[in-house]
Amino acid sequence: MSEHTTDKRVREASRRRFLQAGAALAGGSAISGVAGSTALAEQGNNLPPNVPEWMKAPGDPMGSQPYGTPSVHEKAVVKNISKTLPQYISASGRTPLQELDGIITPNGLFYERHHGGVPTIDPAEHRLVLHGMVDRPLVFTMEDIRRFPSQSRIHFLECSGNPVYTKPYGKTASDLVGLLSCAEWTGVPLKTVLDEAGLQAGAKWIVAEGADAAALTRSIPIEKCLDDAMLVYSQNGERLRPQQGYPLRLLLPGFEGNMNVKWLRRLKVVAEPAYSREETSKYTDPMPDGTSREFTFYMEAKSIITRPSGGQKLTTQGFHEITGIAWSGHGKIKSVEVSLDEGKSWQQAELQEPVLTRALTRFRLPWHWDGKPAVIQSRAIDETGYVQPTLAELVKVRGLNSFYHNNAIWPWRIDANGEVTNGQA
């Protein structure tokens with residue numbers, strides 16, 4: 001019998017035990033006779049066998065929300081925005097990862113990072129200039145851009161400072177790695193537009209500039225521009241939100257978030273990088289020997305358990321589902337392993353389809369909690385064979401001077417009361 005077949009049978013047996021135990025738990029709370037009905041009725045007037053209030057009158061009419069909003073009972077699920085920032089023009093807001101399911105981030109909860117505030121741009125007056133080492137310098141309106149053949153692809157975006165290397169560490173999954181989101185993006189392959197202009201010999205880089213007050217500028221290697229880079233105008237089926245670069249942004253799948261220039265207004269084809277502020281004094285990685293890594297574009301393989309995770313609580317012993325997300329800027333996630341004993345042993349989690357390149361991948365593992373303290377953690381392995389490291393392994397190589405590209409394993413500590421806290425704190 002092959003190793004693959006054995007692993008599959010073990011996972012199937014584990015899943016059956018999980019479902020059987022879940023059915024038994026459900027049966028324990030089922031209504032059984034008048035006594036059970038009375039107990040439920042005493043808990044709340046809207047519980048069985050009573051008729052709930054919302055069944056006694058018609059609900060809101062169609063059209064009461066021309067743009068749909070979440071239930072009032074989900075009003076706490078919002079972006080994680082610190083209340084102690086010195087200013088909010090150059091700042092960030094995090095996705096509440098621990099509150100989400102699947103792999104797609106709703107547009108209203110997509111993380112934000114701005115350097116000069118969020119501009120209000122009239123798309124009728126917005127232009128994209130393409131110049132430099134091209135045969136035909138061009139100026140595009142938004143209508144021009146949307147006339148090109150389009151594509152829709154699912155990819156993650158992540159800030160390179162997600163999280164930093166030093167304490168204090170965050171309490172929740174959002175605090176730690178909430179500068180991460182994933183969406184379906186619609187737009188035009190950048191290669192299509194470059195072909196229209198005609199690249200000249202010696203063209204090695206493209207300098208992208210945004211139309212925000214910071215005029216954020218980054219240099220992109222021409223190989224990426226001709227590979228999977230996109231000029232994006234829609235996100236999750238609707239036009240970009242202003243916070244995400246409306247009306248046009250650059251998308252560089254797998255590259256650090258800062259390079260995916262929002263409010264894109266200019267592309268200059270050049271022979272050398274610009275060495276702008278955002279790729280010299282910022283977004284470089286100081287190393288222990290006094291040197292710095294520059295142009296560290298790719299976000300490396302990473303994962304985080306989102307349930308149970310920091311700030312949550314297990315209220316009952318028995319079966320729970322451990323679930324989380326994994327991603328890699330170098331391609332697809334090959335596997336995710338979960339440890340239930342502080343990294344002493346690992347077992348393979350199930351990956352939820354679809355497993356896409358440079359997109360979030362959801363993983364799941366059935367778990368029986370016996371009420372004893374535990375430390376749970378996950379590690380991602382991508383299709384290149386790269387294995388997500390521990391924080392100690394990463395710090396040993398890169399030191400504590402760097403601010404960017406921390407892709408370490410993050411453990412959660414569960415105490416006997418079910419409280420979940422940061423295992424590195």
Side-chain angles (χ1 to χ4, degrees), residues 107 110 114-155 157 183-255 257-274 276 278-279 297:
N107 288 347
F110 210 91
H114 313 305
H115 295 254
V118 180
T120 300
I121 297 176
D122 182 349
E125 297 183 358
H126 186 73
R127 299 292 184 271
L128 173 64
V129 177
L130 173 56
H131 66 127
M133 299 176 68
V134 295
D135 296 331
R136 295 172 296 280
L138 299 169
V139 178
F140 299 100
T141 66
M142 285 307 302
E143 183 180 355
D144 293 332
I145 295 294
R146 285 196 285 267
R147 287 175 57 209
F148 284 101
S150 64
Q151 293 182 356
S152 292
R153 304 205 303 264
I154 296 174
H155 293 297
L157 273 183
E184 180 189 62
W185 307 95
T186 299
V188 180
L190 179 53
K191 182 180 185 301
T192 302
V193 177
L194 294 177
D195 287 344
E196 187 77 6
L199 293 175
Q200 295 179 353
K204 299 296 183 183
W205 295 79
I206 289 184
V207 179
E209 181 186 73
D212 58 337
L216 188 141
T217 304
R218 285 300 306 259
S219 304
I220 304 131
I222 199 69
E223 292 81 7
K224 184 67 172 177
C225 298
L226 297 175
D227 181 17
D228 58 357
M230 294 179 69
L231 302 177
V232 166
Y233 47 76
S234 284
Q235 175 181 352
N236 290 335
E238 66 177 6
R239 295 291 183 258
L240 290 167
R241 301 278 177 98
Q243 296 84 353
Q244 296 305 320
Y246 181 86
L248 188 69
R249 77 172 299 164
L250 186 63
L251 182 72
L252 305 172
F255 275 27
N258 172 263
M259 298 186 69
N260 296 257
V261 176
K262 295 185 286 189
W263 314 293
L264 186 66
R265 68 179 295 268
R266 189 162 67 97
L267 295 170
K268 184 178 182 182
V269 183
V270 294
E272 301 288 342
S276 66
E278 307 304 336
E279 55 201 27
F297 303 131

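For the atom pair OG (S219) and CZ (F297), the distance works out to 7.5 Å, reported to the nearest 0.5 Å. Taking CE from M259 and CG from L252, the interatomic distance works out to 6.0 Å, rounded to the nearest 0.5 Å. For the atom pair CG of L248 and OH of Y233, the computed distance is 9.5 Å after rounding to the nearest 0.5 Å. Here N236 contributes atom CG and Q244 contributes atom CD; the two are 10.0 Å apart, rounded to the nearest 0.5 Å. The line from CD of E278 to OG1 of T217 is 8.0 Å long, rounded to the nearest 0.5 Å. For the atom pair CZ (R265) and CD (E209), the distance works out to 5.0 Å, reported to the nearest 0.5 Å.
Between V129 and F140 the shortest side-chain heavy-atom distance does not fall below 4.5 Å. Using a 4.5 Å heavy-atom cutoff, the side chains of L216 and N258 are in contact. Annotation: side chain of E238 is in contact with side chain of N107 (closest heavy-atom distance under 4.5 Å). V269 has its side chain within reach of L130: a pair of non-hydrogen atoms, C-beta onward, lies under 4.5 Å apart. Proximity of C225 to K191: side-chain heavy atoms (C-beta onward) are nowhere separated by under 4.5 Å. Counting heavy atoms from C-beta on, the side chains of T141 and I145 never come closer than 4.5 Å. The shortest side-chain heavy-atom distance between L128 and V139 does not fall under the 4.5 Å cut-off. Using a 4.5 Å heavy-atom threshold, the side chains of L251 and L190 count as separate.
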Candidate pair D135 and Q200, rule side chain to side chain contact (heavy atoms under 4.5 Å, CB included), full reasoning: CA-CA 6 Å; D135 296 331; Q200 295 179 353; 3.3 Å; yes
Verdict with supporting geometry, I220 and L250, side chain to side chain contact (heavy atoms under 4.5 Å, CB included): CA-CA 11 Å; I220 304 131; L250 186 63; 3.4 Å; yes
I would like to know whether W185 and F110 meet ring pair (Phe, Tyr, Trp, His ring centres under 6.0 Å); could you show each step before the answer? CA-CA 13 Å; W185 307 95; F110 210 91; 5.5 Å; yes
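Annotation for I121 and P247: closest pair CG2-CD, 3.7 Å, computed over non-hydrogen atoms. P242 and P119 make their closest contact through CB-O, 4.5 Å (heavy atoms, listed as atom of the first residue, atom of the second, distance). Residues V270 and E272 approach most closely at CG2-O, 3.0 Å, considering heavy atoms. When all heavy atoms are compared, the tightest approach of A183 to Q235 is CB-CG, 3.8 Å. Taking every heavy atom of both residues into account, T192 and F148 meet most closely at CG2-CD2, 3.7 Å. When all heavy atoms of G116 and D212 are compared, the closest pair comes out as N-OD2, 4.2 Å.
Judged by a 6.0 Å distance limit and a 45° cone about the ring axis, K224 is positioned over the six-membered ring of F255.
R241 and Q243 form no side-chain donor-acceptor contact under 3.5 Å, judged by distance and modelled atom types alone. For the residue pair S152/T186, the side-chain donor-acceptor check at 3.5 Å is satisfied.
Surrounding CD of E143 are at most 12 heavy atoms belonging to other residues, nucleotides or ligands under 6.0 Å away. Within a 6.0 Å sphere centred on CZ of R147, heavy atoms belonging to other residues, nucleotides or ligands number 12 at most.
Checked by atom type and distance alone, the side chain of R136 pairs as donor or acceptor with a backbone atom of E196 at under 3.5 Å. Under the 3.5 Å distance criterion, the side-chain polar atoms of R266 are left unmatched by any main-chain donor or acceptor of H131. With S234 contributing its side chain and G237 its backbone, the two residues share no donor-acceptor pair below 3.5 Å.
Under the 4.0 Å criterion applied to side-chain N and carboxylate O atoms, E279 and R218 are assigned as salt-bridge partners.
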